[in-house]
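Any value given below was found using the heavy atoms of this structure, including those in side chains, with hydrogens, waters and symmetry copies removed. Remember, predicted model here, so these are calculated numbers, not experimental data. Chain letters run A, B, ... following the sequence lines, proteins first, then strands; residues in each count from 1.
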Amino acid sequence: MAKFYITTPIYYVNDKPHIGHTYTTTMADIFARWHRLLGDDVFFLTGTDEHGEKVQKAAEKQGLGPEEFVDAMAAQFMERWKGFGITNDVFMRTTDPQHERTVKDFIKKIYDAGDIYKGEYEGWYCTPDETFVTELQLKDGKCPYCGREVRKVKEESYFFRLGKYQQMLLDLYDRNPDFLSPRFRAMETINRVKEGLNDLSITRKSVKWGIEFEQDKGNVLYVWLDALINYLSALKWPDGTFEDFWPADVHVVGKDIAWFHAVIWPALLMSAGIEPPKKVFSHGWWTIEGRKMGKSLGNAVDPVDITRKYGVDALRYYFVREMPFGEDGDFSEGKLIARINGELVDDLGNLVYRSLTLAERFGGNITGTPELDRGLDIENIKGLMQKLDTFNAIEAIWEQVRRTNRYINEKQAWKLSGEQLGNVIYNLLESIRVISILLSPFMPETSEKIRVQLGVEKQGLNHCGFGEFRGKVSKQGHLFEKFSREKHSENP
RNA sequence: AGCGAGGUAGGGUAGCCAGGAGUGCCCGCCGGGCUCAUAACCCGGAGAUCGGUGGUUCAAAUCCACCCCUCGCUACCA
């Protein structure tokens, strides 16, 4: 049996889960479900990143100890994913004792390898923003984010010899052209690596909330280092299920953190003598109603509100349908409604409803010759999903939805009777059954509703050929409801 | 500034890497068909000098050069 290890980043808990987190996690969930459908042994990991200065400060602000604070925040993420039907196998928290143990073992390994040395970290610090700023980022000598004065800080720090791995990283990219996907994003990173790599400061003295650097107590590990290692601690490296699932098949990340996953992470792994992951996939960003989503702008839509109104499947569908995985896109409620009304209701919902009406009225044998399977290329869809091309995969599935609707018209099914009608209904139900299987990773609830109405067993991807139809049809109303677009007219 | 991505009918996209009639898809618009279906479905139509200029070629949306415009990234911000 093939294995499939997929991860989301672990989310930093100084913020509530927003649409971006939801997107990343949903996409990973889709791939996890797809591979389960293929029969693979899937390990799907998500979690929370709970250390660091920002968390410490955020806790203080609320008058809480960091432990209390992160417990509450992590619970929010866990509940959220549960509510959204996310099928992660493990939820890893960086405050988990297992994680701390793994991190310390890992650090010891690269320390023993001679890749950590003591130096001095120097940089610009914006006190009001509580953030470090590089020389390059400065705007007229001031903070590029808020425009206020910055001060120079110096701190004793331990460094990881990132620069040492420059050539090995370039070789890695060279050998595995798909290591960092999509391609157009890989270029950015590769060119930056070619320009040279500075060593990475990996400890902080000023920060208390983190994992101790055992080789010189009093120093705390830089949160990013701590965070990346979660991909190993979830497997209980070096033992546990490490051998079963490593290397990770794909780390799904936002484009902002591609650098950490495509450069720093493989370098750390090389230092520890561990194989790098197979793929880092960096997806794009959503703008909201055409505007950048940002904490400061405060215009982030709440995914909970959206799903309460429109359902989880509608949001999942929108995520996949609205933008190619990897590129940027715009999230707008009006466009969401347009897709629900025009595609989920008019195409899919209507197809299932009208077909079941025909089937229920028909008293004869539902059997015939496969006709509607022509044009539906399952292997092609598998290939697309293998390339993480959900955009074209869903399009291919939708072509079958439209093809099936067209089939009813072409056959003028409502005028037929007897064997001819039995044959048409057979083709309709088989097509819908296959559609429901293919759709199940994308819209699990909807897929299940269709399956129940068809009265068929749960099936995997190996049942996507037309065979005998062995269901007991029972129509149960519409799959989706329409929404008014009055307040959301998008394309006047 | 450097690096990267993109500019294709009213809107959104695919096609470009491996040149071959502007070819496709979705929405919108116009017309028709149908009545199994949530005014849903199906068919047909209008609508594009494929950002601009020049070049290579029998042939360019596609390759090359230059220019214009838009947007990202530039590392210890998780």
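Atom NZ in A/K194 sits about 18 Å away from atom P in B/G2, given to the nearest Å. As a whole-Å value, the separation of A/K335 NZ from B/G12 C1' is 8 Å. Rounded to a whole Å, the CZ atom of A/F159 is 16 Å from the P atom of B/A75. Put simply, CE on A/M323 is 22 Å from P on B/G11, counting in whole angstrom units. Taking atom CH2 of residue A/W259 and atom P of nucleotide B/C3, one finds them 16 Å apart after rounding to whole Å. Nucleotide B/U13 holds its P atom 11 Å from the CZ atom of A/R339, rounded to whole Å. As a whole-Å value, the separation of A/E395 CD from B/C27 P is 10 Å. Between the NZ atom of A/K411 and the P atom of B/G33 there is a distance of 23 Å, rounded to whole Å.
Within the shown strands, B/G55 is the pairing partner of B/C63 under the Watson-Crick or G-U definition, both distances less than 3.5 Å. Pairing of B/C3, defined by two Watson-Crick or G-U wobble distances under 3.5 Å, is identified with B/G72. Nucleotide B/C34 has no partner under the Watson-Crick or G-U criteria, as no pair reaches both atom distances under 3.5 Å. Shown here, B/A18 forms no base pair; nothing in the strands shown gives a Watson-Crick or G-U wobble contact with both key distances under 3.5 Å. If you check B/A39 for Watson-Crick or wobble pairing at under 3.5 angstrom, you find it has no partner at all. Across all strands shown, B/U13 is found opposite B/G24 as a Watson-Crick or G-U wobble partner, with both distances under 3.5 Å.
One C1' atom belongs to B/C64, the other to B/C25, and the distance between them is 31 Å to the nearest Å. Distance noted for atom P between B/C63 and B/A75: 32 Å (whole Å). Atom C1' of B/U57 sits at a distance of 23 Å from the matching atom of B/C67, rounded to the whole Å. Rounded to the nearest Å, the gap between the C1' atom of B/A61 and that of B/G20 is 13 Å. Look at the C1' atom in both B/C41 and B/G19: the space between them is 40 Å, to the nearest Å. Nucleotides B/A9 and B/G47 have their P atoms positioned 14 Å apart, rounded to a whole Å. Here, B/G24 and B/C16 have their C1' atoms 14 Å apart, quoted to the whole Å. Atom name P, nucleotides B/G52 and B/G22: the rounded distance is 15 Å, in whole Å.
You'll find the ring centres of A/Y117 and A/F159 inside the 6.0 Å limit.
Under the rule for a side-chain contact (heavy atoms from CB on, under 4.5 Å), the partners of A/K208 that lie at least two apart in sequence or sit in another chain are A/Q56. Applying the salt bridge (Lys or Arg N to Asp or Glu O under 4.0 Å) criterion to A/E322, with sequence neighbours excluded, gives A/K335, A/R339.
The aromatic rings of A/W286 and A/F331 stand perpendicular to each other, their planes meeting at an angle above 60°, with 30° marking the opposite boundary. Between A/F77 and A/Y11, the ring planes are parallel. Angles under 30° get that label, and only those over 60° would be called perpendicular. Aromatic ring orientation, A/F160 versus A/Y165: parallel (interplanar angle below 30°, classes split at 30° and 60°). Taking the six-membered ring for Trp and thresholds of 30 and 60 degrees, A/Y231 and A/H261 have ring planes inclined between 30 and 60 degrees apart.
Along RNA chain B, the nucleotide closest to A/I257 and the one closest to A/E195 are compared, and the more 5′ of them pairs with A/E195. Residues A/S355 and A/Y222 each lie close to RNA chain B; by heavy-atom proximity, the contact nearer the 5' end of the strand is made by A/S355.
Inspection of the A/T404 and A/S431 side chains reveals an N or O donor paired with an N or O acceptor under 3.5 Å.
Among the atoms of the strands shown, none is found under 4.0 Å from any heavy atom of A/G210. Among the protein residues, A/L197 comes within range of the nucleic acid bases, having at least one heavy atom under 4.0 Å from a base atom. A/D199 comes within 4.0 angstrom of a base, heavy atoms only.
Side-chain proximity of A/E343 to the nucleotides B/C77, B/C26, B/C25 is greatest for B/C26.
When each of A/Y12, A/W209, A/F69 is paired with A/H51, the ring-ring contact (aromatic ring centres under 6.0 Å, His included) condition holds for A/W209 and for no other.
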**Report entry** Letter per nucleotide, 5' to 3', of nucleotides 37-43 of chain B [B base touched, S only sugar-phosphate touched, - untouched; heavy atoms, 4.0 Å]
**Finding:** BB-SBBS
